[in-house]
Number of protein chains: 4
Amino acid sequence: MRKLGIHSFVWTGGQTQEGLEEALEKSAAAGYRLIEFAYLRPEKFDLDRLARKSQALDVEIAVTMGLPLTADVSSEDPAVVKAGEEMLANAVKAVRDIGGGKLGGILYSAHTKYSTLPTERGRKNSIAAIARTGDIAKAAGVDLVLEIVNRFESNLLNTTAQGLDFIRETGSDHVRLHLDTFHMNIEEANPAAAIRLAGDKIGYFHIGESNRGYLGDGVIDFDLTFDALLDIGYSRDITFESFSTAIVDEALSLACGIWRDTWTDNQPLALHAKAFIEMRMQEAARRRATNARP
Amino acid sequence: MRKLGIHSFVWTGGQTQEGLEEALEKSAAAGYRLIEFAYLRPEKFDLDRLARKSQALDVEIAVTMGLPLTADVSSEDPAVVKAGEEMLANAVKAVRDIGGGKLGGILYSAHTKYSTLPTERGRKNSIAAIARTGDIAKAAGVDLVLEIVNRFESNLLNTTAQGLDFIRETGSDHVRLHLDTFHMNIEEANPAAAIRLAGDKIGYFHIGESNRGYLGDGVIDFDLTFDALLDIGYSRDITFESFSTAIVDEALSLACGIWRDTWTDNQPLALHAKAFIEMRMQEAARRRATNARP
Amino acid sequence: MRKLGIHSFVWTGGQTQEGLEEALEKSAAAGYRLIEFAYLRPEKFDLDRLARKSQALDVEIAVTMGLPLTADVSSEDPAVVKAGEEMLANAVKAVRDIGGGKLGGILYSAHTKYSTLPTERGRKNSIAAIARTGDIAKAAGVDLVLEIVNRFESNLLNTTAQGLDFIRETGSDHVRLHLDTFHMNIEEANPAAAIRLAGDKIGYFHIGESNRGYLGDGVIDFDLTFDALLDIGYSRDITFESFSTAIVDEALSLACGIWRDTWTDNQPLALHAKAFIEMRMQEAARRRATNARP
Amino acid sequence: MRKLGIHSFVWTGGQTQEGLEEALEKSAAAGYRLIEFAYLRPEKFDLDRLARKSQALDVEIAVTMGLPLTADVSSEDPAVVKAGEEMLANAVKAVRDIGGGKLGGILYSAHTKYSTLPTERGRKNSIAAIARTGDIAKAAGVDLVLEIVNRFESNLLNTTAQGLDFIRETGSDHVRLHLDTFHMNIEEANPAAAIRLAGDKIGYFHIGESNRGYLGDGVIDFDLTFDALLDIGYSRDITFESFSTAIVDEALSLACGIWRDTWTDNQPLALHAKAFIEMRMQEAARRRATNARP
């Protein structure tokens, strides 16, 4: 692991400049070295101030987003696809301007519960759009990672195998996958095997519990997860993500179906998650060493 | 376990009388003693014929459904709630007329990805509607069971604890819960503990894998599930449920986000599921006996 | 949990007074509130000094032992049984004199790899001896707990169900079981169910990994363990146990088959075990609360 | 998997020719294509008759054994080592003469609960003896596989990593490992990772439950086992092993500490084990395919 991050929605709904700055500070105070912001709108926030604060606190910024249906690059409508590509290009620039390291999330379709099957034409549109965005991101020095999400949040890329196929078709060596334990728990036949299948094509990794609450408050076998990440020598960033009605973002909370409190107090949640991830990773490393020692 | 059932969407999308009759026959041929039909519309099908076929084959019928937003008993709009109650009353009658044993599913809200939080008033409306429907079902000799589903298919009852609270508030001793391993895998902090918590308030039980495909093609620990069902002495019906794009029902496939083939051939799927469930249940019973034998 | 303890063989082979005193100090320094000594011989050690040090450090002493074949109360030879009973009575007195709270271990047979099947007469002898020792222990204010161990360390009590049967036949309400996750991993069909089966008959609990090394360096599902301990409201002591060739006790290391280093440095081991147990117990408590909250 | 086998002690204690022949017949009747005999003594049995019966029934013979302390190749006493080497050479010949495919078990030390630590000189003696035995076995067309067993059944090779180190030092390309889930459950920090670590050095594989009884009556995660065997493309034999006091062999039952009935009726045990292993292997293959399919 390079840096351990935390999703900003643990701290704030993300509607105000003050909220984002406070989130940066709280992340730093809890010992995280990366924060993930969602739906960062340059017109709404003072990105320069955020960039300076990020540098001052030594907390790197990652940005994730999902496209709206009006700018869905997996649409069959060229105008909609074009709107999506522009949104992605702008997002890459915003990440670069804020000094961020990566753009991730549901970049290849809308972030929505679809009510139609994906189409082959839409998929081709998405591949072409992501290929071009990959070039822009590479030039900008920004990592581009596609989040594989569950069936209720996109209809296009729900499994790692679909994602690997997709990025292969982009022809880009810059586009990687963004895997997430919450989504894998719903979609993968074998999450640990999916990690090993993806290998160095994993560019970013989310740790979230099966009910999106406290780590340990669910069914995910994180030991298998960390064993698999060791198996592939994963050395990029890992970010903790958790949602509760305690912190509400208009768009994201509804898209993610956050209807109840899985927690009310975010500071103990963040401290626990950091301790949990670090302890389990140490245990996985020790288990691996013990296993191999004659 | 009383009877082992199978969801009809393993066999047919459910649009035609022939499809439903064939599903009954295939269920019987695969050794199941119960079939679950969804969204059974009396105006569309010859229920008498289905009832006779069900009797002749000794395959009991269960019916499950989810309300539409226009007849959502958890709405704040009295007219919408009233439409929902009428739909539920009609469904109870259809189940009775078809000689079925139970009505289940998302009876307490719409079956949809909500884009609003549940409200206290809507919840009270739903409790009152279900209480009254419970009385109607009791008089009709039909079991009424509420399916606890994941956050993307309802915003009201996502956990067993919420469901227990809800049925307690109905004041009805006739309304029970309908639990489902697929949904529990997303929402319960501890699915086996949820089963023990619910105890004899469980009226129906769905066995489905985490990706809704073949049993074994996912992350669910079915040994813990069957151990817990033994712990509470569960003696009602258990039904296998699986969805694939191989069988499409306009409404249900989209509501459930079925975007890919988890299987293409339904007969081996059905035979495997029966063998899987029976073998795991036998193993659980043996494990329990071994554990207790001095 | 009442107190969290640690086995003294993490710190010392137990051959010298200095070693035992240092073990007490190191246990206290690592935050444990109980230490387990094995094979405590009054003729060899200054028990008064140990008692005073235990009080001064507020670290309670528990004593465990296994009988030798020459004093095996499960023997068919009355003289051997008598020698065993005397050894047990002396051990109870030593525990009382040292201000200890409990005597545990393999008190009902020898601690050895038997090469004969247990006999019914030997079992009856053992039951009678333990019944009498129970009376002595009760009068002395010392808890008496029987450790259920794997087949290679005794031939008499290998499972919880056997242990429950055995203590029922003693007729004593003072004798309880001493369960251990290492042994349960070999013998119980379902360790968590065994804990629930034993309920308030569990008087002491050992946490040890499947290879007797670092917690996490093995296959034991400690989440299921702690969930089960919560289910029965376990409120007595829990002690961490680990063996390595790094610390050698002539008798115990050989009896337990400790042939390799599972660790070399005991302090990080002890600190990790405490953090591991406390964190998992907190997670189990939170999981239970989340699961039950509507 | 090449052939699915069963240990003869499911059927017979192995003291009589009739017992062994009946075991062959019952194995064939239960659908197994390999039988494992233990401690086959040419002076006691008519090997030709067994060979003909094995051929007629198309049930291949594998032989496993453990050395006695008087012929322990890991001894420091050259005479004892020599006796061990002769015993191994004779065993290889017996396997060849009976038309068997492999010799396995605890060939590198005694099969006993040691009461001393292994020594470096003894280990070197064992390596040399196994190297020479490997040459003899290769010339005889008999596979030679070393069973990695728990600490109570040998003090020399308890983990896969130790075994890999050992066979590397023999310099032989003919000697492979014989892994067993029962033993791995006690000794390996991560059994599935151990399988992947060993890869094509695994020459034989035992499926046994953690309490040596019915598959499913214990804690072993066989899905992880079969996933790992698929990962390494394991294509050699797999044999089911289970012990109960229902079938007693003087030497083996005592060495293995079999003190209680884990089952009484061997035929349903054998049929269940075959169904269990085949079903889990099919599920592992399907899970792997599903996981990799875009």
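In the text below, chain A, chain B and the rest are named by the order of the sequence lines, each starting its count at 1.
Proximity to chain A (any heavy atom under 4.5 Å) is shown, for B/E187, by both the backbone and the side chain. With a threshold of 4.5 angstrom between heavy atoms, B/D221 does not approach chain A through any atom at all. With a 4.5 angstrom heavy-atom cutoff, B/E153 touches chain A only via side-chain atoms. Proximity to chain A involves both the backbone and the side chain of B/I258, based on heavy atoms less than 4.5 angstrom apart. Heavy atoms of B/T112 lying under 4.5 Å from chain A are absent altogether. Contacts of B/T245 with chain A are made by side-chain atoms alone, with heavy-atom separations under 4.5 Å and no backbone atom involved.
B/N185 places a side-chain N or O within donor-acceptor distance of the main-chain N or O of A/N185, the cut-off being under 3.5 Å. In terms of modelled atom types and a separation under 3.5 Å, the side chain of A/W259 and the main chain of B/R151 share a donor-acceptor contact.
B/T159 contributes atom OG1, which lies 10.0 Å from atom CG of A/N211 (distance to the nearest 0.5 angstrom).
Ranked by non-hydrogen atom pairs under 4.5 Å with chain A, the options B/L156, B/N150, B/V248 are led by B/N150. The choice from A/L254, A/N158, A/N190 that makes the most heavy-atom pairs within less than 4.5 Å of chain B is A/L254. Heavy-atom pairs under 4.5 Å with chain B were tallied for A/F152, A/Y114, A/Y214, A/F182; the largest tally goes to A/F152.
Chain A is approached within less than 4.5 Å, heavy atom to heavy atom, by no residue from residues 267-276 of chain B.
Open room surrounds CZ on A/R121; 12 or fewer heavy atoms of other groups in view lie less than 6.0 Å from it.
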